[in-house]
Amino acid sequence: MSAIPVRRWWLGAGILAAVLMAGAIGWLLGVESSSATTAAPEPVLGKAPSYRGLTNQLGRTVGSARFKGKVQVVTFLFPYCTTYCPLIAAHLVGFERLLDRAGLQNRVEIVAFNVDPAGTGPRQMRAFLKEYGWNPADPHWQYLTGQPKTIRRIVTGGFHVAYSKTIGDDADQAGGPALTPQPTVVNPLAEKAHVGYDITHNDGLVIVDTQGRIRRFFDQADVVSGQSLLRAIRPLLTTAHG
């Protein structure tokens, strides 16, 4: 299954999830350079979408107002993914530890949107988080789902991230010959479900400031370093008007 079609380079195939997680955490927990604390804030790229009545991995109702006054690190995940979504999750596990070391864990929220709202829900979302090192009860992580039309409005209409469902053999050919090879990551949840479809979507990570404005888009969410994220986040926390 190929969950994310837009790539610049090949990470390699056949890598086990445990190895990937260990490498990702090591990459993200490296020593932050001093320049990361003095970077100028990114320009405003637009307003993040607002929403109400979504459901998180614990089955609780969440709206965009919850994140007022906090920086958001936003990404887009498919619970049955066997390519980049597990890598993104593992990277963000390490990034949260880096936030904790920097004393910023209560000022930054990690928000993921479920790009398979019709086929998966909180149970699968919780299982996915557990598989890649995250505690689903962690209050600093919100994995959100809702009605398919609502998620489409938020993800594609608001964050401009495209996604689509592919069935059977089409899942292996999604995106056509322009695709670069993608790694295969073990996902026991997907192996057990045998759903026969895939969700292709952009490998994106979005930084939203404390006023709900989009400030940065990383198009390789599975490999962006913790230092890069901190460089984008710190000025948004220290500048009164972002």
Side-chain angles (χ1 to χ4, degrees), residues 4-9 24 27-52 54 62-77 84-85 87-89 91-92 94-115 140-144 150-163 201-242:
I4 304 174
V6 181
R7 301 298 297 162
R8 292 182 182 173
W9 55 283
W27 173 265
L28 285 163
L29 293 180
V31 177
E32 178 191 0
S33 66
S34 60
S35 62
T37 62
T38 58
E42 299 286 342
V44 175
L45 301 179
K47 185 174 177 57
S50 60
Y51 50 87
R52 294 183 296 174
L54 296 190
V62 175
S64 54
R66 171 192 172 94
F67 309 111
K68 184 177 181 181
K70 294 187 178 183
V71 169
Q72 299 172 61
V73 177
V74 181
T75 194
F76 312 91
L77 302 174
Y84 292 104
C85 297
L87 306 185
I88 294 169
H91 269 54
L92 290 176
F95 178 62
E96 189 184 40
R97 296 181 183 179
L98 186 58
L99 287 173
D100 185 64
R101 290 174 56 189
L104 299 176
Q105 68 273 25
N106 293 321
R107 304 183 66 189
V108 179
E109 295 267 1
I110 297 172
V111 182
F113 290 94
N114 177 19
V115 292
H140 301 112
W141 170 282
Q142 296 292 318
Y143 192 0
L144 304 178
T150 302
I151 297 299
R152 177 73 65 181
R153 175 185 68 80
I154 295 167
V155 174
T156 301
F159 288 109
H160 309 290
V161 169
Y163 64 96
H201 62 100
N202 299 103
D203 180 10
L205 189 151
V206 183
I207 303 298
V208 178
D209 69 16
T210 58
Q211 299 179 56
R213 301 175 301 182
I214 298 172
R215 305 300 289 269
R216 182 74 182 268
F217 186 90
F218 293 92
D219 63 359
Q220 291 182 296
D222 60 298
V223 295
V224 62
S225 71
Q227 288 75 29
S228 294
L229 292 178
L230 280 178
R231 281 194 291 271
I233 287 170
R234 281 189 181 276
L236 306 180
L237 294 171
T238 57
T239 303
H241 300 289

If the condition is side-chain hydrogen bond (donor to acceptor under 3.5 Å, both in side chains), which residues does Ser228 pass it with, not counting sequence neighbours? Ser225, Arg231
side-chain contact (heavy atoms from CB on, under 4.5 Å) between Ile233 and Val73: does it pass, once the steps are laid out? CA-CA 9 Å; Ile233 287 170; Val73 177; 3.7 Å; yes
Do the non-hydrogen side-chain atoms of Phe67 and Val62 ever get within less than 4.5 Å of each other? yes
Are Val74 and Ile214 side-chain neighbours, meaning at least one heavy-atom pair lies under 4.5 Å? no
Validation row: His160, Phe217 side chains within 4.5 angstrom (heavy atoms): no
Identify the heavy atoms of Gly204 and Thr75 that sit nearest to each other, and give their distance. O-OG1, 3.1 Å
Below 4.5 Å, heavy atoms only, C-beta onward: do Leu92 and Leu205 meet side chain to side chain? yes
Using every non-hydrogen atom in the two residues, find where Tyr163 and His201 come nearest and quote the distance to one decimal. CB-CB, 3.4 Å
Please answer whether the main-chain N or O of Val161 pairs with a side-chain N or O of Thr156 as donor and acceptor at a distance below 3.5 Å. yes
So, do Leu229 and Ile207 sit near enough that their side-chain heavy atoms are less than 4.5 Å apart? yes
Validation row: Phe76, Asn114 side chains within 4.5 angstrom (heavy atoms): no
Taking only distance into account, with no hydrogens and no angle test, what donor-acceptor pairs under 3.5 Å do side-chain atoms of residues 104-112 form with protein atoms, sequence neighbours excluded?
| from | atom 1 | to | atom 2 | distance (Å) |
| --- | --- | --- | --- | --- |
| Gln105 | NE2 | Asp100 | OD1 | 3.3 |
| Asn106 | OD1 | His140 | NE2 | 3.0 |
| Arg107 | NH2 | Leu237 | O | 2.9 |
| Glu109 | OE2 | Lys70 | NZ | 3.2 |

Look at the side chain of Asn202 and the backbone N and O of Ala162, then say whether any donor-acceptor pair between them is shorter than 3.5 Å. yes
Measure across Val208 and Ala48 and return the closest heavy-atom pair with its distance rounded to 0.1 Å. CG1-CB, 3.9 Å
Could you report the tightest heavy-atom contact between Ser50 and Ser64, atom names first, then the distance? CA-OG, 3.4 Å
Whether over 12 other heavy atoms sit under 6.0 Å from Arg66 CZ: yes
Could you tell me which residues satisfy side-chain contact (heavy atoms from CB on, under 4.5 Å) with Thr150, sequence neighbours excluded, listed by chain and number? Leu54, Gln147, Arg153, Ile154
Distance (rounded to the nearest 0.5 Å) between His91 NE2 and Tyr84 OH: 11.5 Å
So do the side chains of Leu236 and Thr210 get within less than 4.5 Å of each other, counting heavy atoms only? no
Pairing residues for Phe113 by the ring pair (Phe, Tyr, Trp, His ring centres under 6.0 Å) criterion, not counting sequence neighbours: Tyr51, Phe159
Between Asp209 and the options Arg216, Arg215, Gln72, the side chain to side chain donor-acceptor pair (under 3.5 Å) test singles out Arg215
Checking Tyr143 side chain against Leu77 main chain: does a donor-acceptor pair fall under 3.5 Å? yes
